[in-house]
Amino acid sequence: MAVFAEHGIASAKLEEIAAKAGVSKGTIYLYFPSKEELFREVVRQRVVPRIAEADAIPDAGSAIEQLERYLAHQWETLSLDGSEGWVRLVLLELHNFSDLAEFYREEVINRSNRVLGDIVRRGVDRGEFRAVDPLAACTMIKSIILMNVLWSGLHSPAPILRVQSRAQTLQEMTDFVVHALRATAGETPVPGYGAPNS
């Protein structure tokens with residue numbers, strides 16, 4: 001994952017991956033017929049479990065509390081070493097590999113959207129959130145998180161944005177997202193508005 005995050009898919013060298021793993025390049029080929037298949041397994045082993053962890057976050061409490069827990073989990077996950085490189089890879093390079101892009105969309109993006117979308121739907125149905133399309137909300141929320149990862153340069157010596165701490169950034173993002181979704185006083189829920197699109 002570190003090599004893919006640092007160099008991208010096209011420039012990642014199996015020799016470097018093997019060296020970091022403490023095995024020979026030939027050993028990798030015993031298990032993975034191609035670099036693309038190795039990438040898929042990295043996603044299955046390292047990325048998908050983090051989504052499962054988010055899905056396992058208790059849905060007790062208000063939708064706002066659930067959203068706060070989701071955002072904290074995402075920020076913690078994307079604050080790990082190599083996250084900036086991984087985000088750049090997904091946003092800027094993955095579309096060059098159509099099969100891998102489709103795989104990533106199904107295994108990661110769609111799964112993650114279901115987790116976050118369910119929170120938004122519950123909030124809309126309960127009247128905590130204004131009538132908003134859950135998929136559109138997912139897109140907006142994830143855009144905020146991902147751009148903050150890139151711009152804050154959490155592990156970069158010269159970040160684009162200077163922030164006091166990761167905790168402060170998380171708090172500001174959470175406040176922004178919650179206020180953007182919160183229903184205004186007197187607004188009544190729209191039955192079924194938060195239902196998944198067919």
Side-chain angles (χ1 to χ4, degrees), residues 1-12 32 34-59 63 66-124 129 132-155 166 169-170 173-174 176-178 180-181 193-198:
M1 188 170 188
V3 174
F4 282 131
E6 182 177 353
H7 301 293
I9 298 170
S11 298
F32 305 103
S34 67
K35 185 166 54 175
E36 289 75 16
E37 190 55 40
L38 178 58
F39 177 85
R40 286 185 174 90
E41 191 60 24
V42 167
V43 170
R44 292 185 189 107
Q45 293 286 330
R46 299 297 305 276
V47 181
V48 171
R50 299 297 289 182
I51 300 171
E53 289 174 12
D55 199 17
I57 293 173
D59 59 4
Q66 294 169 33
L67 179 61
E68 289 171 344
R69 289 193 292 269
Y70 175 89
L71 291 171
H73 177 270
Q74 289 296 309
W75 191 239
E76 177 187 352
T77 298
L78 291 169
S79 295
L80 300 174
D81 286 338
S83 293
E84 293 164 67
W86 190 263
V87 170
R88 282 193 300 272
L89 180 155
V90 170
L91 294 180
L92 302 176
E93 185 187 9
L94 195 57
H95 67 277
N96 294 323
F97 301 84
S98 57
D99 290 347
L100 292 182
E102 182 57 34
F103 165 80
Y104 196 85
R105 185 177 302 109
E106 184 56 37
E107 292 293 319
V108 177
I109 297 171
N110 291 348
R111 285 186 184 195
S112 179
N113 282 350
R114 283 191 288 272
V115 174
L116 179 55
D118 285 347
I119 295 172
V120 174
R121 275 186 279 278
R122 284 192 290 271
V124 171
F129 298 155
V132 61
D133 176 64
L135 183 57
C138 287
T139 302
M140 296 299 108
I141 293 168
K142 288 182 176 183
S143 297
I144 292 169
I145 296 171
L146 294 176
M147 291 312 296
N148 268 284
V149 169
L150 293 178
W151 287 2
S152 297
L154 296 175
H155 305 289
R166 291 185 301 191
T169 303
L170 172 61
M173 284 192 303
T174 302
F176 185 88
V177 169
V178 168
L181 290 176
Y193 191 89
N197 294 328
S198 56

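One-based numbering along the sequence shown. The figures that follow rest on heavy atoms only: side chains count, while hydrogens, waters and symmetry mates do not.
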Any side-chain heavy atom of Val177 sitting closer than 4.5 Å to one from Tyr70? no
Exactly one of Asp118, Ile119, Val124 clears side-chain contact (heavy atoms from CB on, under 4.5 Å) with Arg121, and that residue is Asp118
Could you check whether any side-chain heavy atom of Phe103 comes within less than 4.5 Å of a side-chain heavy atom of Arg44, counting everything from C-beta outward? yes
Do Asn96 and Ile9 have side chains that approach each other closer than 4.5 Å (heavy atoms only, starting at C-beta)? no
For Glu53, enumerate each residue passing the salt bridge (Lys or Arg N to Asp or Glu O under 4.0 Å) test, keeping only those at least two apart in sequence or located in another chain. Arg50
Can you tell me how far apart CG (Leu78) and CZ (Arg166) are? Round to the nearest 0.5 Å. 11.0 Å
Within-4.5 Å side-chain heavy-atom neighbours: Leu94 and Phe39: yes
Can you measure from CG (Leu91) to CE (Met147) and round to the nearest 0.5 angstrom? 8.0 Å
Can you name the closest pair of heavy atoms from Pro49 and Val43 and give their distance? CD-O, 4.3 Å
List the residues meeting side chain to side chain donor-acceptor pair (under 3.5 Å) with His95, not counting sequence neighbours, and say none if there are none. none
Does Val108 offer a backbone N or O that forms a donor-acceptor pair with the side chain of Ser112 under 3.5 Å? no
Any side-chain heavy-atom pair of Ile141 and Leu181 under 4.5 Å: yes
Between CD of Glu93 and CG of Leu100, what distance do you get to the nearest 0.5 Å? 9.5 Å
Which heavy atom of Gly117 sits nearest a heavy atom of Pro134, and at what distance? O-CB, 4.0 Å
Output yes when Glu107 and Arg111 qualify as a salt bridge under the 4.0 Å nitrogen-oxygen rule, no when they do not. yes
Kindly compute the distance separating CD (Glu102) from CD1 (Ile109), expressed to the nearest 0.5 Å. 9.5 Å
Might you point out which heavy atoms bring Leu89 and Gly8 nearest each other, and give the distance in Å? CD1-CA, 3.8 Å
Using a cut-off of 6.0 Å, state whether more than 12 heavy atoms not belonging to Arg46 lie near its atom CZ. no
Does a side-chain heavy-atom distance below 4.5 Å link Arg40 with Asp99? yes
Just verifying a value: how many Å separate Trp75 CH2 and Ile145 CD1, rounded to the nearest 0.5 Å? 8.5 Å
Closest non-hydrogen atom pair between Phe97 and Glu36, with its separation: CE2-OE2, 4.2 Å
Minimum heavy-atom distance between Ala63 and Arg122, given as atom pair plus value: CB-C, 4.3 Å
Begin from the C-alpha positions of Val87 and Leu92 and carry the test side-chain contact (heavy atoms from CB on, under 4.5 Å) through to its verdict. CA-CA 8 Å; Val87 170; Leu92 302 176; over 6 Å; no
With heavy-atom distances below 4.5 Å as the criterion, would you say the side chains of Met173 and Asn148 are in contact? yes
Return the CG to CD distance between Leu170 and Glu68, rounded to the nearest 0.5 Å. 9.5 Å
Close side-chain approach of Val47 to Met1, heavy-atom, < 4.5 Å: yes
